[in-house]
Amino acid sequence: MHKNSNLELIKQLRKELHNNPESSMYEINTKRILMDFIQTHTKSIELVDMDCWFYAVKKGNNHETPIAFRADYDAVTCADGCYRHLCGHDGHSAVLAGFALWLDTVPVERDVYLIFQPGEENGKGAAICSSLIKNKNIGEIYGFHNIPGYEKGEIILLDHTFACASTGLEIKLIGKQSHAAYPENGNNPATAISEIIKYMNKMISEPHKGIVLGTVIGIDVGSESYGVSAGEGILRLTLRAEYQDEYDEFVGKIEKKAEELAHDIGLGCEISRIEEFPATINDQSCVDKVCKAAHKLNQKTIYPATPFRWSEDFGYYLQQTKGTFFGVGCGENHAGLHTMEYEFEDDIIEPVIDLYKEILYMKE
């Protein structure tokens, strides 16, 4: 890439995206900004509009298996109902658009797909976009997330699970309201809710091969009327695990326990999984490729002892093909993700683009 002019263009793009945040799966203006940028500044990059998302492709000179790189572009929905780029997706997309500018200037041996994805925050985007993997026979895919608390530009790698599987679980129990003086005339779900929580905590305390966590997000039972015994209640949990099989077992058992308790005491039971994410499980050969590319560029690498507890929908792509999701440090003292003080660190834009270039040309 033209080091000075293009880098400034990409930084300006990142700032424009930052100032125009949109919620997951409603990123209409964001998508337009990105597509207009690539169309304006490239000649050989083909853009394909897929309605709520799009991809760019640089056609290769032979029939080698295609490769893909992915960025997300939705913003965080905050407690006040506003949307803000507090997770760095504006930076992720600016990096990939910058990579497109460089691709426009060079020949490539194989087709290179750049996936610009909506809806990462709610786990819906990658589930839609991952269909491209099979449709285009993509053989490997790469993506990154900026991560505060690590040295700026440091490449963060994990050999297996990078980010945990998780889901929100809403358990609604429907009983019968009664006068508080005659609770036996009703069917209060409070005891069943407490039993589900105790069962969850018991499961967490048992031995596991990896991280298994459950968090009570909210409990809504009854009202402020002290003369009324509650007739229904909702328990909200977030469940997560390092390994997909342990996650599936953990969530399944809690759902089964809730249904059994409800049946035993005559409660109605409605269960919903909300914002479900698969585990993001890296391919070892692709991790090694990223590591070699980083070392060639004299970029520092680090392998944390445990996966990140948060979730990332890049796991949907890794269910379809091999690949690697990695982190890039944005400073030990940088504001944390999803905090009001957070903004993407522009200093890591160029190092990530350089790393993508090395990954593209590196042979296994």
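Side chains are part of it too, since the values below use all heavy atoms of this structure and drop only hydrogens, waters and symmetry mates.
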Could you tell me which residues satisfy ring-ring contact (aromatic ring centres under 6.0 Å, His included) with Phe54, sequence neighbours excluded, listed by chain and number? Phe116

Pick out which of His89, Lys124, Met25, His85 makes a side chain to side chain contact (heavy atoms under 4.5 Å, CB included) with Asp74. His89

Testing Val287, Ile156, Leu355 one by one against Phe326 for a side chain to side chain contact (heavy atoms under 4.5 Å, CB included), which residue passes? Leu355

With no hydrogens and no angle check, is any side-chain donor or acceptor of Asn282 less than 3.5 Å from a backbone partner on Leu158? yes

Starting from the C-alpha separation in whole Å, work towards a yes-or-no answer on side chain to side chain contact (heavy atoms under 4.5 Å, CB included) for Asn6 and Leu9. CA-CA 5 Å; Asn6 276 1; Leu9 277 175; 4.0 Å; yes

[X] bridged to [Y] by N-O distance under 4.0 Å:
X	Y	answer
Lys289	Asp283	no
Glu195	Lys198	yes
Glu120	Arg70	no
Glu343	Lys15	yes

Could Lys136 and Tyr113 be counted as a cation-pi pair, given that NZ or CZ must be under 6.0 Å from the ring centre and within 45° of the axis? no

When rounded to the nearest 0.5 angstrom, what is the spacing between [atom1] in [X] and [atom2] in [Y]?
X	Y	atom1	atom2	result
Leu169	Arg236	CG	CZ	11.5 Å
Arg240	Arg309	CZ	CZ	8.5 Å
Glu170	Leu237	CD	CG	10.0 Å
Tyr55	Asp49	OH	CG	10.5 Å
Ile147	Leu337	CD1	CG	7.5 Å

Less than 4.5 Å apart, side chain to side chain, heavy atoms only: is that true for Met50 and Ile128? no

Are Glu121 and Tyr83 close enough, and set up right, to give a side-chain hydrogen bond (donor to acceptor under 3.5 Å, both in side chains), and what steps lead you there? CA-CA 12 Å; Glu121 292 293 343; Tyr83 317 120; over 6 Å; no

Using the six-membered ring wherever Trp is involved, compare the ring planes of [X] and [Y] and label them parallel, tilted or perpendicular (cut-offs 30° and 60°).
X	Y	answer
His92	Phe144	perpendicular
Trp310	Phe308	parallel
Phe69	Phe99	perpendicular

Show, in sequence, the C-alpha distance, side-chain angles and deciding distance for Tyr247 and Phe250, and conclude whether the ring-ring contact (aromatic ring centres under 6.0 Å, His included) test is met. CA-CA 5 Å; Tyr247 165 82; Phe250 183 39; 8.1 Å; no

Output, in order, the C-alpha distance, side-chain angles, deciding distance and verdict of side chain to side chain contact (heavy atoms under 4.5 Å, CB included) for Asp313 and Asn122. CA-CA 9 Å; Asp313 73 354; Asn122 62 13; over 6 Å; no

Answer yes if Leu239 and Tyr199 sit in the same cluster of Ile, Leu, Val, Met, Phe, Trp and Tyr residues linked by side chain heavy atoms under 4.5 Å apart, and no otherwise. yes

